[in-house]
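Provided herewith is a single structure, encoded as C-alpha cells, for subsequent inquiry.
Here the structure is a predicted model, which means the values were calculated and not measured.
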Amino acid sequence: MKALLVLLLGALLCVDSGSSLQCYSCKTQLSNSKCMTKEECGTKTVCKTDVIRAVGLFSIISKGCDSSCEESYNDFSVGNRNISCCSTDLCNVNAAGGVRASHGLAGGIAAGVLWAALTNKF
C-alpha cells in the first residue's frame, strides 16, 4: 500500500503543472526598474518589450505578454523604436534606458521655461 502511494506521489510530481509563460509587464514607464511586475501569460506565448527613445533624453518602456510578436527597429529623426520578443519565463527583464540625469534635468528645465513663457503672456 505504501509503495503504491509513493508511486502515485512520484507520478504527480512528474506531471506538468500546466503553468503558463511569465513575462515582466508595464505600460509607458520611464525606468526599467518600474517594469518588474510579473504577469502570467495564459494562452499568450511571447514576451514583448517595446522601447521608444527620444534623442537621448528619455525612453518610454512597455513590456508584457503577447500572442505574437515581430521584432523591429525603426530610426526616426527624433529618436528610435525597438521591439524585441522572447519566449522563456521572465526573458524580457532588460530594457535599456531610463532618463539620463543631465539630459533629463536639462529637458525638464527647458520644458518648465517653455511652459512658463506660454502661460504668462508677455
Side-chain angles (χ1 to χ4, degrees):
M1 183 68 166
K2 287 183 182 181
L4 181 61
L5 289 174
V6 170
L7 281 172
L8 284 173
L9 179 60
L12 285 174
L13 292 174
C14 292
V15 173
D16 184 16
S17 64
S19 63
S20 66
L21 178 68
Q22 285 187 341
C23 300
Y24 288 107
S25 177
C26 66
K27 298 285 182 207
T28 59
Q29 294 296 319
L30 294 175
S31 170
N32 192 50
S33 65
K34 296 190 179 193
C35 290
M36 304 308 275
T37 302
K38 295 176 185 176
E39 175 184 5
E40 289 285 334
C41 296
T43 59
K44 297 178 180 176
T45 58
V46 180
C47 297
K48 181 177 181 179
T49 303
D50 188 344
V51 181
I52 299 171
R53 288 182 187 84
V55 194
L57 294 177
F58 60 90
S59 297
I60 300 172
I61 304 166
S62 296
K63 295 181 182 182
C65 302
D66 211 328
S67 298
S68 65
C69 181
E70 186 173 326
E71 293 193 352
S72 66
Y73 180 84
N74 297 331
D75 201 7
F76 305 104
S77 60
V78 295
N80 60 59
R81 181 178 186 185
N82 186 35
I83 298 174
S84 58
C85 316
C86 57
S87 57
T88 58
D89 282 337
L90 306 175
C91 58
N92 63 338
V93 65
N94 291 325
V99 176
R100 289 186 181 163
S102 61
H103 292 181
L105 182 59
I109 292 170
V113 169
L114 180 61
W115 179 79
L118 292 174
T119 57
N120 294 326
K121 298 179 179 165
F122 293 98

### Message
Connecting only ILVMFWY residues whose side-chain heavy atoms lie within less than 4.5 Å of each other, what is the rest of I83's hydrophobic cluster?
### Response
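Members besides I83: none; it forms no cluster.
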Which atom pairs, donor and acceptor, lie under 3.5 Å between side-chain atoms of residues 67-75 and protein residues at least two apart or in another chain?
from, atom 1, to, atom 2, distance (Å)
E71, OE2, C85, N, 3.1
Y73, OH, N80, ND2, 3.2

### Query
Can you name the closest pair of heavy atoms from N32 and V93 and give their distance?
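It is ND2-O, 3.0 Å.
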#### Entry: Residue from V51, N94, T49 passing side chain to side chain contact (heavy atoms under 4.5 Å, CB included) with K63
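Filter result, single survivor: T49.
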### salt bridge (Lys or Arg N to Asp or Glu O under 4.0 Å) contacts touching residues 79-92 (sequence neighbours left out)
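Every pair satisfying salt bridge (Lys or Arg N to Asp or Glu O under 4.0 Å) with a residue in residues 79-92: D50-R81.
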### Query
Taking only residues two or more places apart in sequence, or in another chain, which ones meet S87 in a side chain to side chain donor-acceptor pair (under 3.5 Å)?
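For S87, no residue satisfies side chain to side chain donor-acceptor pair (under 3.5 Å) once neighbours in sequence are set aside.
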### Test log, rule side chain to side chain contact (heavy atoms under 4.5 Å, CB included), inputs I61 and L30
CA-CA 6 Å; I61 304 166; L30 294 175; over 6 Å; no
### Message
So, taking the atom named CG in D66 and the one named CG in L21, what distance separates them when rounded to the nearest 0.5 Å?
### Response
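Taking CG in D66 and CG in L21, the distance rounds to 11.0 Å.
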### Message
List the residues meeting side-chain contact (heavy atoms from CB on, under 4.5 Å) with K34, not counting sequence neighbours, and say none if there are none.
### Response
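Per chain and number, K34 pairs via side-chain contact (heavy atoms from CB on, under 4.5 Å) with Q29, S31.
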### Message
Once rounded to the nearest 0.5 Å, what's the spacing between atom OG of S62 and atom NZ of K27?
### Response
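One gets 6.0 Å once the value is rounded to the nearest 0.5 Å.
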### Query
Would you say N92's side chain and Y24's backbone share a donor-acceptor pair under 3.5 angstrom?
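Yes, the answer is positive, given that a donor and an acceptor are paired below the 3.5 Å cut-off.
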### Query
Can the SG atoms of C65 and C23 be said to lie under 2.5 Å from each other?
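Cysteines C65 and C23 do not qualify as a disulfide pair, their SG atoms being 2.5 Å or more apart.
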When the side chains of residues 36-48 are checked against the rest of the protein, which donor-acceptor pairs come out under 3.5 Å, sequence neighbours left out?
from, atom 1, to, atom 2, distance (Å)
E39, OE1, S25, OG, 3.0
E40, OE1, S20, OG, 2.9
E40, OE2, Q22, NE2, 2.7

